[in-house]
**Student:** 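Just passing along the structure, written as structure tokens.
Quick note on labels: first sequence line is chain A, next is B, and so on, each numbered from 1. Atoms considered below: every heavy atom in the structure, side chains included; atoms not considered: hydrogens, waters and symmetry mates.
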Amino acid sequence: MGRYILKRLISAIPVLLGITIIVFLIMAMIPGDPAIAILGGYATADRIADLNRDLGLDQPLVARYFIWLGNMLTGDFGRSFSLNRPVLDEILERFNATLILAGVSFMMCSLLGILAGVVSAARQYGFADKAITFAVLIGISVPSFFLGMMMILFFAVNLRWLPVSGMYAIYGGGDLPDLIRHLIMPATALAAVATGVIARLSRSAMLEVLRQDYIRTARAKGVGERRVIMGHALRAAMVSIIPVLGIQAGFVLSGAVYIEIVFQWPGVGRMLVTAILQRDILLVQGGVVFVAACYVFFNILVDVAQSLLDPRIKT
Amino acid sequence: MSGFLKLLFRNRLAAVGAVVLGTILVLVLITPLLPLKDPNVTDTANKFIPPFTEGHLLGTDHLGRDQLSRLLHGTRLSLAVGLAAAVIAATLGSAVGIIAGYFGGRTDNVIMRGVDMLMAFPYILLALAIVAALGPGLLNALIAVAAVNIPFFARNIRGITVSLAGREFIDAARLAGKGHTRIILTELLPNVLPTIVIAMSTTVGWMILETAGLSFLGLGSQPPVADLGSMLGKGRDSLITDPHTSIVPGVMIFLIVMSVNLLGDGVRDALDPRLKSGALSRPRAMTAVNRKGPVPETDDKGLLNIQNLETQFHVGPRVYRAVNDVSLHVKPGECLGVIGESGSGKSVTALSVMGLVASPPGVITGGAVRYAGEDLLGASYKSLRTKRGENVAYIFQDPLSTLHPLYRVGDQLAEAIQCHHKISDAKARARSLELLRAVRIPNAESRLRDYPHEMSGGMRQRVGIAMAMANDPDVIIADEPTTALDVTVQAQILALLDDLRRERGLAIVFITHDFGVVAQLTDRVAVMYAGQIVEQGRTEEVLSRPLHPYTRRLIACVPELGGGRRRLEAIPGLPPMVDKLPRGCAFAARCDKAQDSCRAAPIALSRDGDRAVRCLFPEEALRKDAS
């Protein structure tokens, strides 16, 4: 198993390099002079030349890439001009909030989605199946940002059950219950679409598995129906559910952008949008590379989980 | 095509989607013709007018602009941008995919590596990066969303192209001297086009949503022009005081995405042939029993006694009569063979005993199955479950698919015991080990930890037998347990079963299509054809003196070692489909002795003690006087 993890880690290196190349190339497409974009149209030629040298923009493209990459590897993501602080510091501080939001949301959509799919399959064409299918249809069709706004309107403004936005209360907050109260709505809104997608897939994966011969064998042995469904069938269905969990994790992680805006959650997504609007290129570059790299590592976890579940995968 | 549309509209939800989407499309197309206010004319004196007010059906926004007009113009813009993104992504993605798939080799490798890299990004993040570089704006948002979706098309289309590129018509075109461009455009493209269209229909909803999302963030359309996303983004500023400015565009996005989703699902379902046959239905815990006639009285024959069993498959309007009035019984220590071609109903008969016929579509419509006198067909699920494996156990064909691929064989054995007896894991393990040894698996200790895919076919079948023996059942039903095995392994397995029967007094029902196996193992044999028993009797009698023409022909199919002078004869024709059974003898169409009377009416099974035959003109007369 250790060797398998190592192998997967090594195979992630070219992917990570690819990500940096793609991000770098995209940023190199920026029309005009980035220094002018940063300093504004009234900057003197000297200041522009200085900044270009500071940013390494007077070098050829390939050299610039390697300088940028080398700096990143030593933990230097550059300096955000709009915040006037190191990019990495800002990202690390913000990433905590995003990780909490996306992590809770991911757990919600995985558990709820799989549960809904299993119940739906076990009660195929029954009332529960129809109700779940309908809820799933709504779930995957509502834009998460709109859902979030409606939740604020209903649960925070009308019913006053939950705080409107933010991560902690300004006065007297900061503990775990406070965080949870602030987290419920954004995490739910973020999880909705992924829950629907996972539920749908789990249902069809379960239906597919339940038709297999080994399920009949389990029944022929006298295994009870609950264990047939929750044990034999779900275990086998997980083989096709887990890769989808990996894909959905990407949607949750990046969909957090919308939710962070709607709920004013102090995460990386909101930072990115602000940075884009302020043309703070280094911050955008660093943020995108950082989040994408995290996603690559998460996918390694997914692969490892898959190999633990399915002995047929050669480790 | 009309069949496809009919299928699509039989799906009520898809029809709803089509109607909603159609209405929106029509509204959007005629928007310039409607008597609407100018969407961009501000009137700050009348800002935030609530909906359903005179002159402003959906109210006004923060600048007093008419919401209805802005909504329709915004929808127009959102749909146009989403659709444009879909077309661009489909065109570029498919082009990349076709080139990679057609040229293969290094081209393919380099392109697909790049595509993989792009797919390693969380979706929206890449779009954000692109917008960050190009700057906010609707056109840039469109480019970003299209670019992000290119890998999806590239990968899908490449897959199809690869399978097409190896086909003969491509080679033929190449030999005819056509250039690459012409081959791609005239030979490949028409064949991948349907897939491209389907992929587009499933992703266009996403793309509309994503562009709306970027606009919502302020990175898409810029004021005063507004698509649905930026309307919603602006509405957010006054969400609490004037929620209608958010609800109006939000509901519209929801309606569009939902109707596209419904329609897309409908298209996919209509194209998936498996759904038509209802094969995706999940089999329930036990076969549905719906007996039309009275339950037959017990006749006290055997430990397991199947009486007048009828099992059918109901698929749509069609009824497949797989088992038709079958009666069988088996005594302790006895081995009953059931023989027939595939599709003769022998497996369905066997599975009906413990309610294991997949249901839906299977239904037991008549008869009784008695174990030690108790009717299993009328039994509750709980009572049936406690008997499964404990009293009546099964051995199935092809243990690679019948053993769970993700559980160790030791655990599967232990489970078979533990679901009937509350014993410790250690005890269950010890018993599993004992079982593996009893079926003569070498290195049983280490084999316990094997997964099914790590064993050979013969070893797996031994595990299957060990699992059936786990609770010392009284009856074992073996459904073609040796069919997937080679001859030497088959002989070992048969010897093993025979030993177990003699040692433990097991009753065995042995289902096979092989008379050689029947001769070797069974005491009595029943021959099945088209869901009915056509002949029954002691094995040596049936083998030496077959009465039914079908049995005789079936025996003639078995090659005899050293008996080179006999002609090996296949039976011409095929068995009848069990949803279109003839009125009379089901074998008549293939029988060389068939008369008109054979086809006129159902033929009864005439009995003489152990012997029975369903034929008007048997090979020899059934000796009625013998009983």
**Student:** Could you tell me which of A:G231, A:A156, A:A249, A:G224 has the largest number of non-hydrogen atom pairs under 4.5 Å with chain B?
**Tutor:** A:G224
**Student:** Which heavy-atom pair separates B:L356 from B:Y394 by the least distance, and what is that distance?
**Tutor:**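 That closest heavy-atom pairing would be CD1-CE1, 3.4 Å.
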**Student:** Side chain, backbone, both or neither: which part of A:V239 has a heavy atom under 4.5 Å from chain B?
**Tutor:**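 For A:V239, the contact with chain B is made by the side chain alone.
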**Student:** I'd like to know which of A:A122, A:A275, A:C294 tops the heavy-atom pair count under 4.5 Å against chain B.
**Tutor:** A:A122
**Student:** Once rounded to the nearest 0.5 Å, what's the spacing between atom CG of B:L125 and atom OH of A:Y295?
**Tutor:** 11.0 Å
**Student:** Are A:E225 and B:R284 ion-paired here, with the side-chain N under 4.0 Å from a carboxylate O?
**Tutor:**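 Looking at A:E225 and B:R284, the cut-off is not met.
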**Student:** Is it the case that B:E390 and B:H421 place a side-chain donor and acceptor less than 3.5 Å from each other?
**Tutor:**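 On atom types as modelled, these side chains qualify, holding a pair under 3.5 Å.
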**Student:** Under a 4.5 Å heavy-atom cut-off, does chain A meet the side chain of B:M467, its backbone, both or neither?
**Tutor:** side chain
**Student:** Checking heavy atoms, do the side chain of B:F216, its backbone, both or neither come under 4.5 Å from chain A?
**Tutor:**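 Side chain of B:F216 only, per the 4.5 Å heavy-atom cut-off to chain A.
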**Student:** So what's closer than 4.5 Å to chain A heavy atoms on B:L255: side chain, backbone, both or neither?
**Tutor:** neither
**Student:** For atom CZ of A:R8, is the number of surrounding heavy atoms from other residues, nucleotides or ligands below 6.0 Å larger than 12?
**Tutor:**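 Yes, enclosed.
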**Student:** Would you mind telling me which of A:G250, A:A220, A:A292 has the largest number of heavy-atom pairs within less than 4.5 Å of chain B?
**Tutor:** A:A220
**Student:** Quick check: does any side chain N or O of B:R408 sit under 3.5 Å from a backbone N or O of B:R449, one acting as donor and the other as acceptor?
**Tutor:** yes
**Student:** Would you say the side chains of A:D213 and B:T402 form a donor-acceptor pair under 3.5 Å?
**Tutor:**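 Their side chains do not contain a donor-acceptor pair, so the 3.5 Å distance test is not met.
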**Student:** Against chain A, label B:H453 side chain, backbone, both or neither, depending on which of its atoms sit under 4.5 Å from a heavy atom there.
**Tutor:**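 For B:H453, the side chain is the part near chain A, not the backbone.
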**Student:** If I measure from the heavy atoms of chain A, does B:P283 come under 4.5 Å with its side chain, its backbone, both, or neither?
**Tutor:** both
**Student:** Does the side chain of A:H232 pick up a donor-acceptor pair with the side chain of B:E415 at under 3.5 Å?
**Tutor:** yes
**Student:** Roughly how far apart are B:I143 CD1 and B:L134 CG, rounded to 0.5 Å?
**Tutor:** 5.5 Å
**Student:** So which part of B:L239 gets closer than 4.5 Å to some heavy atom of chain A, the side chain, the backbone, both or neither?
**Tutor:** both
**Student:** Among the options A:L147, A:I215, A:I140, pick out the one with the most heavy-atom pairs lying under 4.5 Å from chain B.
**Tutor:** A:I140
**Student:** From B:N261 CG over to B:I256 CD1, what is the distance, rounded to the nearest 0.5 angstrom?
**Tutor:**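 It is 12.0 Å, given to the nearest 0.5 Å.
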**Student:** Using non-hydrogen atoms and a 4.5 Å limit, figure out which bit of A:V157 sits close to chain B: side chain, backbone, both or neither.
**Tutor:** side chain
**Student:** Is the NZ or CZ atom of A:R216 both under 6.0 Å from the centre of the six-membered ring of B:F396 and within 45° of that ring's axis?
**Tutor:**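 Relative to the ring axis of B:F396, which defines the angle, A:R216 lies inside both limits.
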**Student:** Between B:T245 and B:S238, what is the shortest heavy-atom contact and its length?
**Tutor:**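 Heavy atoms of B:T245 and B:S238 come nearest at OG1-OG, 3.3 Å.
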**Student:** Counting heavy-atom pairs under 4.5 Å with chain A, which one of B:P249, B:P473, B:A132 comes out on top?
**Tutor:** B:A132
**Student:** Please lay out, stage by stage, how A:M151 and A:F154 fare under the test side-chain contact (heavy atoms from CB on, under 4.5 Å).
**Tutor:** CA-CA 5 Å; A:M151 288 173 88; A:F154 192 67; 5.9 Å; no
**Student:** Identify the two heavy atoms, one from B:M117 and one from A:P14, that lie closest to each other, and give their separation to 0.1 Å.
**Tutor:**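 Taking B:M117 first and A:P14 second, the nearest heavy atoms are CE-O, 3.3 Å.
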**Student:** Check whether A:M150 gets within reach of chain B through its side chain, its backbone, both or neither, counting any heavy atom under 4.5 Å.
**Tutor:**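 The side chain, not the backbone.
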**Student:** Mind ranking A:L253, A:L272, A:V257, A:V296 by heavy-atom pairs under 4.5 Å with chain B and telling me who comes out on top?
**Tutor:** A:V257
**Student:** Considering only heavy atoms, which portion of B:Q412 lies under 4.5 Å from any heavy atom of chain A: side chain, backbone, both, or neither?
**Tutor:** both
**Student:** Can you tell which part of B:A120 gets under 4.5 Å to a heavy atom of chain A, answering side chain, backbone, both or neither?
**Tutor:**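 Contact with chain A involves both backbone and side-chain atoms of B:A120.
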**Student:** Heavy-atom cut-off 4.5 Å, strictly under: side chain, backbone, both or neither for B:A416 against chain A?
**Tutor:** both
**Student:** Among B:I417, B:I477, B:V251, single out the residue with the greatest number of heavy-atom pairs under 4.5 Å to chain A.
**Tutor:** B:V251
**Student:** With a 4.5 angstrom heavy-atom cut-off, which part of A:V193 approaches chain B: side chain, backbone, both or neither?
**Tutor:**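 Side chain only.
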**Student:** For chain B, which candidate among A:V164, A:I152, A:I21, A:V223 shows the most heavy-atom pairs at distances under 4.5 Å?
**Tutor:** A:V223
**Student:** Between A:I22 and chain B, which part of the residue has a heavy atom less than 4.5 Å away: side chain, backbone, both or neither?
**Tutor:** side chain
**Student:** Where on B:Q397 is there a heavy atom nearer than 4.5 Å to chain A: the side chain, the backbone, both, or neither?
**Tutor:**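 Nothing of B:Q397, per the 4.5 Å heavy-atom cut-off to chain A.
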**Student:** Of the backbone (N, CA, C, O) and the side chain (C-beta and beyond), which part of A:R200 lies under 4.5 Å from a heavy atom of chain B, both, or neither?
**Tutor:**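 The side chain, not the backbone.
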**Student:** Quick check for you: among B:A358, B:P405, B:G233, which has the greatest number of heavy-atom pairs under 4.5 Å with chain A?
**Tutor:** B:P405
**Student:** Check A:M206 against A:A121 and note the closest heavy-atom contact, atom names and distance.
**Tutor:**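 Shortest heavy-atom contact: CB-CB, 3.5 Å.
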**Student:** Do you know which of B:L118, B:T386, B:D116 has the most heavy-atom pairs under 4.5 Å to chain A?
**Tutor:** B:L118
